[in-house]
Trainee: 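Here it is: the structure, laid out below.
Lettering of chains follows the sequences in order, A, B, ..., and the numbering in each one begins at 1. Everything numeric here is computed off the predicted structure, so don't read it as measured data. Side chains are part of it too, since the values below use all heavy atoms of this structure and drop only hydrogens, waters and symmetry mates.
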Protein chains: 2
Amino acid sequence: MRNVLDRIGDKWTMLVLMALAGEPRRFGVLLRMVPDISKRMLTQTLRLLERDGLVTRHVFATTPPSVEYRLSPLGLSALEPLHALAQWADANFATIRASRARYDDGLARTDP
Amino acid sequence: MRNVLDRIGDKWTMLVLMALAGEPRRFGVLLRMVPDISKRMLTQTLRLLERDGLVTRHVFATTPPSVEYRLSPLGLSALEPLHALAQWADANFATIRASRARYDDGLARTDP
DNA sequence: CGGTATCCCAGTTGATACTG
DNA sequence: CAGTATCAACTGGGATACCG
C-alpha cells in the first residue's frame, strides 16, 4: 500500500491525473496544462501511470505522430478520492496559509 | 494549493497523520509506530504539521519530560479524504500490482 | 525522553541536445 | 510531435553524535 500511495503522492502524478480528468489529452497539451513540468518528468510520470494501469496510451500514425493519453476505469476511480483531497486542500488553503504565517512570525519575533 | 498537497504527499506526513488518528501520541510512540522513520524526520514532519495547524504539541513537565502530539480539528478533518484515499489504495492494491507485473514482463520479453 | 546539529551520499530532477 | 540520452545540480534523509 505504501507503494501505491507513494506513486500518487509524488510531485507530478496527481496533477497529471487531474489534467486527464474528463478528456483524453495529447502529450503536448499535458505539457502545457501541468505547470512547470518538463518533458522528461511528464514522460516518466505517464509511463509509471501506464504501468500501474491508471492510464492508457494511444498512438495515432499521423504525420507528425500524435499520442493520446486517457484514464482507464481504474484511473477514473482514483479520481474520486483525489478530488476529495483536492477539495479539502482548496477549502483549507487559506487557513493553513494563515497558520504558517502565524507560526513563522512567532519564530521571527522571539529569536532576533 | 500545490503547497498543501505537496506537504500531504511527502514521504512521511500521511503516515504520521494516520498514526495520530484516534489518540494523541507521544514522540517515542510515534517513532515506533511509523515504520522506518528516523527521529530527524519525525521531528521535521511534526514541526511542519504543527506549522500548518494540523497538529498541536503539548509538553508535560514530568521527569523525564514527555511530549504529546494530537490532531487539531483541522488535522482531524484532513483525515477523512486521506482515509478515502487509503481505502482506494487498499482496494486496488492487488490490481495495480498485477498491472505492474504484466507491464514489466512485457518489457522483459521483447527486449533481451 | 525528546530533541538539535553535522556530515554526506544516493537518488531525483532540470537543462540541454539529439532522434524517429 | 513525442519522445530518449546524457550530465550536472540539488536535495532528502540516513547515520551519528551531542544536549536540556
Trainee: Checking side chain to side chain contact (heavy atoms under 4.5 Å, CB included) between Y69(A) and each of R57(A), R26(A), R25(A), which is the one that passes?
Mentor: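 Exactly one option meets the side chain to side chain contact (heavy atoms under 4.5 Å, CB included) with Y69(A), and it is R57(A).
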
Trainee: Rounding to an integer number of Å, can you tell me how far M41(B) CE sits from dA15(D) P?
Mentor: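 M41(B) atom CE is separated from dA15(D) atom P by 12 Å.
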
Trainee: Please give the angle, rounded to 10 degrees, between the axes at the start and the end of the helix from dC1(C)-dG20(D) to dG20(C)-dC1(D), where five pairs define each axis.
Mentor: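 The end-segment axes of the helix from dC1(C)-dG20(D) to dG20(C)-dC1(D) are tilted 50° relative to each other.
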
Trainee: Report the residue (D10(A) or L46(B)) whose heavy-atom-nearest nucleotide on DNA chain C is the more 5′ of the two.
Mentor: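 Residue closer to the 5' terminus by nearest nucleotide: L46(B).
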
Trainee: Within residues 19-35 of chain A, find the residues that approach DNA chain D with a heavy atom at under 4.0 Å, and present them sorted by residue number.
Mentor: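 By residue number: R26(A), F27(A), G28(A).
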
Trainee: Got V16(B) and I37(B) here, is their nearest side-chain heavy-atom distance under 4.5 Å?
Mentor: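 In short, these two side chains touch, coming nearer than 4.5 Å.
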
Trainee: Could you give me the CA-CA distance, side-chain angles and deciding distance for D10(A) and T13(A), then say whether side-chain hydrogen bond (donor to acceptor under 3.5 Å, both in side chains) is met?
Mentor: CA-CA 6 Å; D10(A) 91 2; T13(A) 300; 2.8 Å; yes

Trainee: Below the 4.0 Å mark, does dG14(D) have OP1 or OP2 next to a side-chain nitrogen or oxygen of S38(B)?
Mentor: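 So the side chain of S38(B) is within the cut-off, an N or O lying under 4.0 Å from OP1 or OP2 of dG14(D).
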
Trainee: Rounded to the nearest Å, what distance is computed from the CD1 atom of residue I37(B) to the C1' atom of nucleotide dG13(D)?
Mentor: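 So the CD1-C1' distance, I37(B) to dG13(D), works out to 10 Å.
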
Trainee: Minimum heavy-atom separation for M18(A) to A86(A), with atom names?
Mentor: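 Closest pair (atom of M18(A), atom of A86(A), distance): CE-CB, 3.5 Å.
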
Trainee: Provide the start and end nucleotides, 5' to 3', of the part of DNA chain C that has atoms under 4.0 Å from heavy atoms of chain A.
Mentor: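 Reading along DNA chain C, I get dT13(C) to dG20(C).
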
Trainee: Any heavy-atom pair between the side chains of Y103(A) and R47(B) that's under 4.5 Å?
Mentor: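 They are in contact (side-chain heavy atoms under 4.5 Å apart), so the answer is yes.
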
Trainee: Mark yes or no for whether S99(A), through its side chain, and T95(A), through its backbone, hold a donor-acceptor pair below 3.5 Å.
Mentor: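 No.
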
Trainee: Looking only at non-hydrogen atoms, find the nearest pair between L85(A) and L85(B) and report the distance.
Mentor: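 Closest approach of L85(A) to L85(B), heavy atoms only: CD2-CD2, 4.2 Å.
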
Trainee: Please list, by residue number, the residues of residues 52-71 of chain A whose heavy atoms come closer than 4.0 Å to an atom of DNA chain C; answer none if no residue qualifies.
Mentor: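 By residue number: P65(A).
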
Trainee: For atom CZ of R97(B), decide whether the heavy atoms of other residues, nucleotides or ligands shown that lie under 6.0 angstrom number more than 12.
Mentor: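 Open.
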
Trainee: Quick check: is F60(B) connected to L71(B) through a chain of hydrophobic side chains (ILVMFWY, heavy atoms under 4.5 Å apart)?
Mentor: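 Cluster IDs for L71(B) and F60(B) differ.
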
Trainee: Please report the shortest heavy-atom distance between P81(A) and W88(B), naming the atom on each side.
Mentor: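 For P81(A) and W88(B), the tightest heavy-atom pair comes out as CG-CB, 3.8 Å.
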
Trainee: Taking S77(A) for the side chain and L74(A) for the main chain, is one N or O donor matched with an acceptor at less than 3.5 Å?
Mentor: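 Yes.
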
Trainee: Generate the contact string for nucleotides 4-11 of chain D. Rules: B means base contact, S means sugar-phosphate contact only, - means no protein heavy atom under 4.0 Å.
Mentor: S-BB----

Trainee: Under 4.0 Å between a Lys/Arg side-chain N and an Asp/Glu carboxylate O for D6(B) and K11(A)?
Mentor: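 Result for this pair is no, no salt bridge flagged.
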
Trainee: Taking only residues at least two apart or on different chains, which pairs with a member in residues 27-39 of chain B satisfy salt bridge (charged side-chain N to carboxylate O under 4.0 Å, His left out)?
Mentor: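 Found none.
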
Trainee: Okay, side chain of S72(B), backbone of L54(B): is any donor-acceptor separation there less than 3.5 Å?
Mentor: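 Present.
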
Trainee: Grouping I, L, V, M, F, W and Y whenever their side-chain heavy atoms are under 4.5 Å apart, do V67(B) and L48(B) come out in a common cluster?
Mentor: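 No, V67(B) does not connect to L48(B) through the hydrophobic network.
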
Trainee: Specify the separation, in whole Å, of atom CD of Q44(B) and atom C1' of dG12(D).
Mentor: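 Those two atoms, CD and C1', are 8 Å apart.
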
